Amino acid sequence: MIQPLETVEYLLSETDPALLGICAAEVAFVGRSNVGKSSLLNAVCRRDVARVSKLPGRTRAINVFKAGFDRWLVDLPGYGFAVGPEAERAGWGPMIEGYLRIRPSLRMVFTLIDAKVGPTKLDMQMVAWLEDAGLPWRPVATKADQVKSSRTQARRRELANALGLQSADVAWVSVLDGFGVRELRSEVVTLLTP
């Protein structure tokens, strides 16, 4: 049997969560615009499956990638500052919440937070919402290469403390230098494995 992530391919994009089909297991990636969701997804998959843009807010729908038989990776639109029509951006929050509320096969919501910036007010609202909804979530600090090596441990503790967690609870990742990507990939595979 082929393991999840060995043959990842784009499956579909949808703006109405109710129209998504069913799958046996899925994980989702959520975070503010420009936190690097699509880049991280590509690094975890070891191939370019998600479109990466320098403009924040280019992911405008629920993008689903097939990660093996009946397994999904889901790239959600970013929250916060984004480029695009205001009416369209206003619909992203309800679209994200709608998706998260109705997916019984959702095994984890990887919540991406900029390692250098730390959790913003919007990140904290997302975490609070996930906890209130009783959904499993895992913080992933992206762009870790932008934190000076002399500040890494302290910054990791600060970020974890802001979330009410221990440092080890936060995945520390850099797509640029590959740090932490292998471990995150392994975690995703475990979550998607039957």
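Owing to the predicted nature of the structure, the values given are computational and were not obtained by experimental measurement. Residue numbers run from 1 in the order of the sequence given.
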Practice task
Give a yes or no on whether the backbone of Ala115 and the side-chain of Arg155 come within a donor-acceptor separation of less than 3.5 Å.
Solution key: yes
Handout entry: Within 6.0 angstrom of Arg47 CZ, more than 12 heavy atoms from elsewhere
Key = yes
Handout entry: Residue pair Leu73 / Leu192, side-chain heavy-atom distance below 4.5 Å
Key = yes
Handout entry: Minimum side-chain heavy-atom gap Thr142-Val175 below 4.5 Å
Key = no
Fill in the blank from the handout: Interatomic distance, CZ@Arg107 vs CD@Glu26, rounded to 0.5 Å, equals 10.0 Å
Handout entry: Any Arg32 side-chain heavy atom under 4.5 Å of Asp114 side chain
Key = yes
Practice task
Following the transitive rule for hydrophobic clusters with a side-chain heavy-atom cut-off under 4.5 Å over Ile, Leu, Val, Met, Phe, Trp and Tyr, establish whether Leu12 and Phe65 coincide in one cluster.
Solution key: no
Problem - Val140 and its side chain to side chain contact (heavy atoms under 4.5 Å, CB included) partner, picked from Leu40, Val35, Val44, Val170 - result: Leu40
Exercise for the section: Measure the shortest side-chain to side-chain distance between Val8 and Leu41 over non-hydrogen atoms and say whether it is less than 4.5 angstrom. Expected result: no
Handout entry: Residues Lys116 and Glu158 bridged, charged N to O under 4.0 Å
Key = no
Kindly list each side-chain donor-acceptor pair under 3.5 angstrom involving residues 122-137, sequence neighbours excluded, with atom names and distances?
residue: Asp123; atom: OD1; partner: Tyr79; partner atom: OH; Å: 2.7
residue: Asp123; atom: OD2; partner: Thr120; partner atom: N; Å: 2.9
residue: Asp123; atom: OD2; partner: Thr120; partner atom: OG1; Å: 3.1

Problem - Qualifying ring pair (Phe, Tyr, Trp, His ring centres under 6.0 Å) pairs, either residue in residues 27-46, two or more places apart - result: Phe29-Phe110
Problem - Nearest-0.5 Å distance, OG of residue Ser167 to CZ of residue Arg157 - result: 6.0 Å
Problem - Side chain proximity check, Arg185 to Val188, heavy atoms < 4.5 angstrom - result: no
Handout entry: CE-CG distance between Met95 and Asp16, expressed to the nearest 0.5 angstrom
Key = 9.5 Å
Problem - Leu19 atom CG: more than 12 heavy-atom contacts under 6.0 Å - result: yes
Completion exercise
CG of Leu112 to CG of Asn34, rounded to nearest 0.5 Å, is 12.0 Å
Handout entry: Min side-chain heavy-atom separation Val74-Arg103 under 4.5 Å
Key = no
Exercise for the section: Could you check if a side-chain atom of Leu20 sits within less than 4.5 angstrom of a side-chain atom of Tyr99, using non-hydrogen atoms only? Expected result: yes
Problem - Any side-chain heavy-atom pair of Ser105 and Ile22 under 4.5 Å - result: no
